2 protein chains.
Amino acid sequence: MTEQGRGLEDPPGAAFLLAALGSFATCRFSERAATLGLTPPQIGLLRAIAATPGQSQQAVAELLGMPPSRLVGLVDALADRSLVERRRNPDDRRLHALYVTDDGHATLRQVAAIGREHDDAVCGSLDASERAQLRALLARIAEDHGLTPGVHPGYRRL
Amino acid sequence: MTEQGRGLEDPPGAAFLLAALGSFATCRFSERAATLGLTPPQIGLLRAIAATPGQSQQAVAELLGMPPSRLVGLVDALADRSLVERRRNPDDRRLHALYVTDDGHATLRQVAAIGREHDDAVCGSLDASERAQLRALLARIAEDHGLTPGVHPGYRRL
DNA sequence: TATTGTTATACTCTATAACTATA
DNA sequence: TATAGTTATAGAGTATAACAATA
């Protein structure tokens with residue numbers, strides 16, 4: 001998506017810079033994720049399952065703010081690669097509890113590694129104190145708008 | 001697009017916060033743009049034409065980093081609403097020079113207004129000095145990566 | 001009848017490549 | 001033949017709604 005803020009010559013506002021750099025960062029992260037054969041949504045789901053193991057697909061879909069039908073394809077892709085597994089609940093066979101496998105946890109460690117590389121690549125021009133400052137400012141904004149920590153808001157409906 | 005950075009519980013890195021807040025900001029800006037009947041890409045194009053009047057479609061497409069074929073539909077939409085116009089070059093009738101009309105300039109003033117509202121809504125929890133600090137940090141990162149000032153990078157190929 | 005997960009369908013956005021008109 | 005713009009086609013990603021299985 002291409003979005004403009006103000007004048008091409010005027011100093012852009014913080015919100016426009018946020019949108020532009022966010023798009024840039026997402027694009028770059030997507031490239032790194034591809035080296036693991038994963039897409040950003042797949043990684044988001046894998047991490048969500050690891051954070052809340054044993055939840056139903058509907059519960060995880062709710063946490064991530066996406067329709068359950070979308071989750072199905074994402075879980076399929078991760079399950080095909082044995083990174084997660086669905087376990088039927090014997091007490092209520094409608095429910096599919098989601099778990100990360102050992103392979104999935106190993107992949108999550110690789111994900112953490114590319115996340116650090118990504119962070120260094122994006123914020124390379126800032127020293128440690130500046131990066132902490134940036135993190136603090138961004139975290140304040142995110143909290144102010146009620147964003148779930150660690151969850152990408154995607155383009156969920158309001 | 002949904003992207004995860006690190007753990008849902010670990011403090012996310014600055015790059016992840018950037019992606020998450022950028023997506024959030026884009027979504028919110030898109031809503032404001034809709035009140036003008038415009039999409040973010042249309043606004044980006046309108047602003048680009050205003051910044052470089054009389055350029056060919058190919059030149060503007062190059063500036064924005066999109067294929068010329070994509071520009072056609074965007075220009076059509078803006079031209080249908082008389083916000084921009086194509087003027088054929090009599091010396092080389094293949095060229096369509098792009099100009100913003102008076103209506104287009106009036107719309108750009110409305111765009112500037114919603115841009116300010118948007119900036120206030122997104123950064124409302126920061127005081128003026130913090131917002132300036134944030135802008136400075138983000139501008140450094142953007143410059144470090146060679147982003148064209150005032151132009152949203154979209155998802156252009158590398 | 002209500003709920004979980006799944007599938008089917010349709011729609012939006014975009015890129016690639018073919019096409020036209022001018023040169 | 002080469003270039004500017006346009007149109008056609010196809011693919012990715014996603015939401016909505018219909019459906020099947022289970023309660």
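Here is how names work: the chains are called A, B, and so on, in the same order as the sequence lines, proteins then strands, and each is numbered from 1. Values in this document were obtained by computation on a predicted structure and should not be read as measured data.
Between the P atom of C/dG5 and the CZ atom of A/Arg87 lies a distance of 15 Å, rounded to the nearest Å. Following rounding to the nearest Å, A/Asp76 (CG) and C/dT6 (C1') show an atom-to-atom distance of 9 Å. Atom CD of A/Gln58 is separated from atom P of C/dT3 by 10 Å (rounded to the nearest Å). D/dT16 atom P lies 15 Å from atom CG of A/Leu71, rounded to whole Å. Atom P of nucleotide D/dA12 and atom CD of A/Gln42 are separated by 13 Å, given to the nearest angstrom. Atoms CG (A/Leu95) and P (C/dT6) sit 11 Å apart, rounded to a whole Å. The distance from atom CG of A/Leu64 to atom C1' of D/dA15 is 16 Å, rounded to the nearest whole Å. One interatomic measurement links the two molecules: CZ of A/Arg70 to P of D/dA17, which rounds to 18 Å at whole-angstrom precision.
B/Pro40 and B/Phe29 make their closest contact through CG-CD2, 4.3 Å (heavy atoms, listed as atom of the first residue, atom of the second, distance).
The terminal axes of the helix from C/dT1-D/dA23 to C/dA23-D/dT1, fitted over 5 pairs per end, subtend an angle of 30° to the nearest 10°.
When hydrophobic clusters are built by joining Ile, Leu, Val, Met, Phe, Trp and Tyr residues whose side-chain heavy atoms come closer than 4.5 Å, directly or via intermediates, B/Leu78 is not grouped with B/Val72. B/Leu71 and B/Leu95 sit in two unconnected hydrophobic clusters of ILVMFWY residues. Membership requires side-chain heavy atoms under 4.5 Å apart, directly or through other members. Linking ILVMFWY side-chain heavy atoms closer than 4.5 Å, directly or via other members, places B/Tyr99 and B/Leu108 in two distinct hydrophobic clusters.
For D/dG5, neither phosphate oxygen OP1 nor OP2 lies less than 4.0 angstrom from any side-chain nitrogen or oxygen of B/Gln57.
Exactly one residue among A/Leu21, A/Ile141, A/Leu137 makes a side chain to side chain contact (heavy atoms under 4.5 Å, CB included) with B/Leu21. That residue is A/Ile141.
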Nucleotide by nucleotide, nucleotides 17-23 of chain C touches protein heavy atoms under 4.0 Å in the pattern (B base, S sugar-phosphate only, - none) B----BS
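A salt bridge links B/Asp76 with B/Arg86: the closest approach of a Lys/Arg side-chain nitrogen to an acidic carboxylate oxygen falls below 4.0 angstrom. With salt bridges taken as basic N to acidic carboxylate O contacts below 4.0 Å, none links A/Arg81 and A/Asp103.
Taking every side-chain heavy atom of A/Pro67 into account, D/dA15 is the closest of C/dT6, D/dA15, D/dG5.
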#### Entry: Pair A/Val60-A/Gln57, side chain to side chain contact (heavy atoms under 4.5 Å, CB included): steps then yes or no
CA-CA 5 Å; A/Val60 176; A/Gln57 295 191 179; 5.9 Å; no
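Ring geometry, A/Phe16 versus B/His152: the interplanar angle exceeds 60°, so the pair is classed perpendicular (tilted spans 30 to 60°).
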